[in-house]
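Some notes on the structure that comes next.
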Amino acid sequence: MIGKKKSLKADIIIGIGDLSKMTGVSARQLRYWEEKGYIQAVSGKKNATRKYKFEMSFKVQAIKRYLDEGYTLAKSVEQAEKLRKKFEIWKKFLVGKVQEVEITDTQHNYGVIELGCVDEEQKKKIYGVVDENGCHFELRDYAEADN
DNA sequence: ATTCTAACA
DNA sequence: TGTTAGCA
């Protein structure tokens, strides 16, 4: 195990003041949320100044979003966690199944997403098409060397 | 200057 | 939850 660089994310560390400013959640709330176990600071020494991973700001923002929609704090945390899990599933699907994305219109961000074979025998692939009409699926024949 | 805990008009 | 006070 020499090169164990699983992630290329820089581990940015921020203080409670910065986290508060960038999320709009008060420091009082952040401390309370941590006390309740909803968020966590890195290496939680009991009496040191709190340090948070930058990624925590996304969770805080998500919780605040649901809070602003009228959910209770507990429910907001629940929803934020559910959102995170759904995103993980989306990520797995995208990384696992999307083979290529062809840009068809730079001006309007239209394109075609190659989602792979539906049937190996019939040489058909399914595509996700984004165009002026919105988006839809298409089943197309494909050549062995199409590029 | 900033963050900490604890407590409360 | 905000907002203090008194510390580090």
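Protein chains get the first letters and strands the later ones, always in sequence-line order, with residue 1 at the start of each.
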Q) Would you find a donor on one side and an acceptor on the other, under 3.5 Å apart, between the side chain of A/Lys59 and the backbone of A/Tyr38? A) yes
Show each protein N/O and nucleotides 3-8 of chain C N/O combination with a separation under 3.5 Å, one pair to a line.
residue: C/dT3; atom: O4; partner: A/Arg28; partner atom: NE; Å: 3.0

Q. Closer than 4.0 Å, any side-chain N/O of A/Ser26 to the OP1 or OP2 of C/dG2?
A. yes
Q: Can you tell me the distance, in whole Å, between the OH atom of A/Tyr32 and the P atom of B/dA6?
A: 15 Å
Q. Is the shortest side-chain N to carboxylate O distance from A/Lys53 to A/Glu55 below 4.0 Å?
A. no
**Q.** Which atom of A/Asn109 lies closest to which atom of A/Val130, heavy atoms considered
**A.** O-CG1, 4.1 Å
Q. Rounded to the nearest Å, what distance is computed from the CG atom of residue A/Leu73 to the P atom of nucleotide C/dG2?
A. 12 Å
Q.
Could you check whether A/Glu88 pairs with A/Lys85 (Lys NZ or Arg NE/NH1/NH2 to Asp/Glu carboxylate O, under 4.0 Å)?
A. no
Q: Find the distance A/Tyr38:OH to C/dT1:P and express it as a whole number of Å.
A: 10 Å
Q: Would you mind reading off the distance between A/Ile13 atom CD1 and B/dT3 atom C1', rounded to a whole angstrom?
A: 17 Å
Q.
Quick check on B/dC4: is either OP1 or OP2 less than 4.0 Å from any side-chain nitrogen or oxygen of A/Arg50?
A. yes
(Q) Without decimals, in angstroms, what is the distance between A/Gln29 CD and B/dT3 C1'? (A) 17 Å
Q: Establish, from distance only, whether the side-chain atoms of A/Ser76 and A/Gln79 form a donor-acceptor pair under 3.5 Å.
A: no
Q: Please work out whether the ring planes of A/His108 and A/Tyr110 are parallel, tilted or perpendicular, with thresholds of 30° and 60°.
A: parallel
Q: Mind calculating the distance between CG (A/Leu30) and P (B/dC4) to the nearest angstrom?
A: 10 Å
Q. Under a cut-off of 3.5 Å for both distances of each Watson-Crick or G-U pair, what dot-bracket string does DNA chain C give, using [ ] for crossing pairs and | for inter-strand pairs?
A. .|||||.|
Q.
Between A/Asp141 and A/Lys124, does any NZ, NE, NH1 or NH2 come within less than 4.0 Å of an OD or OE carboxylate oxygen?
A. yes
Q: Return the minimal non-hydrogen interatomic distance between A/Met22 and A/Gln61, and the atom names on each side.
A: O-NE2, 4.3 Å
Q.
Under 4.0 Å from OP1 or OP2 of B/dT3: is there any side-chain N or O of A/Arg31 that close?
A. no
Q | A/Lys82 atom NZ: more than 12 heavy-atom contacts under 6.0 Å | A | no
